[in-house]
Amino acid sequence: MWLSFRNKDKEAFSSEGIDIERLPQHIAIIMDGNGRWAKRRGLPRSMGHRAGVEALRDIVKTCSNLGVKVLTLYAFSTENWRRPKEEVGVLMTLLTDYLRRELNELHENQVNIRTLGDITYLPLDAQKELAKSVARTRNNPGLILNLALNYGGRAELTRAFQKIAEEVEQGKKLPREINEELISSHLFTAGLPDPDLLIRTSGEMRLSNFMLWQLAYTEIVVLEQFWPDFNPKALLDAIREYQQRDRRFGGLKKE
Ligand code: FPP
């Protein structure tokens with residue numbers, strides 16, 4: 001079990017210069033560059049996505065071992081439907097296979113699988129596997145693994161505002177009771193802390209419609225490497241960089 005390595009890992013992580021007491025509670029990742037990774041090697045894009053899943057497996061394990069509370073992975077955006085049908089199919093199959101293959105181990109390691117986004121648009125196979133994974137791991141106290149699927153930040157906010165408007169219309173809420181807390185509680189991430197650290201691989205300096213509300217004060221680390229090349233060592237580097245940042249949340253530096 002991954003968790004049995006926990007104490008040993010803690011020492012190892014500390015010796016790597018990671019302050020285990022000041023870990024980011026919530027890490028969000030934009031896993032970009034699978035296509036370019038494949039192209040560099042003269043391989044089809046699907047091979048890049050396949051290699052991307054292998055990277056993802058290791059990162060989930062490392063976050064679980066570290067004791068990170070929440071890991072959110074941008075696996076499929078509302079805009080990704082614009083890709084060729086075959087590529088969308090490959091991504092959905094990879095997701096379904098990943099869950100089929102990994103669910104037992106994730107469950108044994110107390111991982112709590114959740115989804116962000118409207119997954120009713122996904123192929124039935126994928127929906128079934130997700131429902132099974134979410135239900136089976138529901139009460140697990142370990143790493144919360146949020147899979148963002150058919151997810152878009154604007155769509156998430158629109159959905160939240162519609163729900164709030166309905167509550168106002170039904171007289172359950174007054175317009176003046178709409179505040180940041182209420183909006184947060186209507187997002188897919190309700191009840192979770194906002195990401196402390198956002199990692200984006202493959203160099204692009206944009207948010208690509210990811211967690212637009214939740215990322216307001218998140219520290220961003222953009223790496224040049226493509227997602228399939230991202231590994232636990234690169235994750236520890238990103239965490240080390242995060243730990244060197246001075247987070248002020250709009251205030252002044254503490255003296
Ligand atoms: C970006 O690479 C990556 C994606 C659009 C999807 C990420 C998905 C996976 C890693 C695998 C499937 C997910 C799960 C949860 C098992 P890109 O294709 O945009 O790369 P490019 O910008 O180089 O073309």
Side-chain angles (χ1 to χ4, degrees), residues 27-64 70-107 111-119 121-123 125-134 136-137 143-153 155 188 198-211 222-232 234-235:
I27 300 178
I29 309 187
I30 301 179
M31 309 180 287
D32 196 14
N34 293 348
R36 276 163 283 175
W37 181 92
K39 195 169 174 204
R40 281 265 171 96
R41 288 163 175 76
L43 297 169
R45 293 177 58 82
S46 58
M47 293 304 284
H49 294 314
R50 200 169 285 276
V53 176
E54 295 310 309
L56 176 156
R57 290 179 65 213
D58 289 347
I59 296 308
V60 172
K61 274 189 202 176
T62 308
C63 284
S64 170
V70 190
L71 172 65
T72 302
L73 299 173
Y74 204 7
F76 194 87
S77 75
T78 45
E79 288 72 35
N80 285 151
W81 296 109
R82 294 184 198 143
R83 295 187 177 206
K85 228 167 87 189
E86 299 73 46
E87 183 166 341
V88 171
V90 165
L91 286 167
M92 294 300 156
T93 306
L94 284 172
L95 165 70
T96 313
D97 289 351
Y98 169 75
L99 295 171
R100 280 196 186 127
R101 197 161 50 125
E102 302 285 319
L103 181 57
N104 281 340
E105 205 181 357
L106 291 166
H107 184 49
V111 175
N112 174 202
I113 302 172
R114 304 187 189 185
T115 59
L116 313 186
D118 183 355
I119 60 163
Y121 286 78
L122 269 49
D125 251 16
Q127 285 189 51
K128 266 193 221 154
E129 230 35 67
L130 282 164
K132 195 167 111 189
S133 309
V134 169
R136 183 140 169 237
T137 63
L143 174 73
I144 295 174
L145 174 61
N146 280 330
L147 299 174
L149 294 159
N150 187 30
Y151 174 86
F188 291 115
L198 171 72
I199 299 171
R200 179 169 188 146
T201 55
S202 106
E204 242 84 58
M205 299 283 186
R206 51 176 177 259
L207 291 182
S208 301
N209 200 16
F210 189 44
M211 302 186 96
V222 176
L223 301 166
E224 284 304 318
Q225 66 206 129
F226 299 134
W227 173 251
D229 291 327
F230 188 75
N231 56 23
L235 175 70

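We number each residue from 1, following the sequence as shown. Atoms within each ligand, like the ligands themselves, are counted from 1 in listed order.
Here the protein heavy atom with the shortest distance to atom 13 (C) of ligand 1 is Ala75 CB, 4.0 Å. In this structure, atom 14 (C) of ligand 1 lies nearest to the protein heavy atom Leu56 CD1, 3.9 Å. Scanning the protein for heavy atoms near atom 12 (C) of ligand 1, the closest one is Val53 CG2, 4.1 Å. Residue, atom and distance of the protein heavy atom nearest to atom 3 (C) of ligand 1 are Met31 O, 3.0 Å. What sits closest to atom 24 (O) of ligand 1 on the protein, heavy atoms only, is Arg45 NH1, 3.0 Å. Protein heavy atom nearest atom 19 (O) of ligand 1, with residue, atom name and distance: Arg83 NH2, 2.8 Å.
Close approach to His49 involves these atoms of ligand 1, each under 4.0 Å from a residue heavy atom: 18 (O). Of all atoms in ligand 1, listed by their number and element, those nearer than 4.0 Å to a heavy atom of Leu95 are 15 (C), 16 (C). Taking every non-hydrogen atom of Gly35 and a distance limit under 4.0 Å, the qualifying atoms of ligand 1 come out as 17 (P), 18 (O), 20 (O), 21 (P), 23 (O), 24 (O).
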Point to revise | Step-by-step ring-ring contact (aromatic ring centres under 6.0 Å, His included) determination, Tyr121 to Trp81 | key: CA-CA 10 Å; Tyr121 286 78; Trp81 296 109; 7.2 Å; no
Exercise for review: Please lay out, stage by stage, how Arg82 and Asn80 fare under the test side-chain hydrogen bond (donor to acceptor under 3.5 Å, both in side chains).
Suggested key: CA-CA 5 Å; Arg82 294 184 198 143; Asn80 285 151; over 6 Å; no
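Under the 4.0 Å criterion applied to side-chain N and carboxylate O atoms, Glu54 and Arg101 are assigned as salt-bridge partners. Salt bridge annotation for Arg136-Glu102: absent, with no cationic side-chain nitrogen under 4.0 angstrom from a carboxylate oxygen.
By the 3.5 Å distance cut-off applied to N or O atoms, Tyr74 is not counted among the residues near ligand 1. For ligand 1, one of its N or O atoms has an N or O atom of Arg36 under 3.5 Å away. Remark: ligand 1 and Asn34 share an N or O pair separated by less than 3.5 Å (distance only, no angle test).
A cation-pi arrangement is present between Arg41 and Trp37, with the terminal nitrogen or guanidinium carbon under 6.0 Å from the aromatic centre and inside a 45° cone about the axis.
Between Phe210 and Tyr74, the ring planes are parallel. Angles under 30° get that label, and only those over 60° would be called perpendicular.
When the options Leu56, Leu73, Thr137 are evaluated for a side-chain contact (heavy atoms from CB on, under 4.5 Å) with Leu145, the one that passes is Leu73.
Using modelled atom types, one side-chain atom of Gln225 and one backbone atom of Asp229 make a donor-acceptor pair closer than 3.5 Å.
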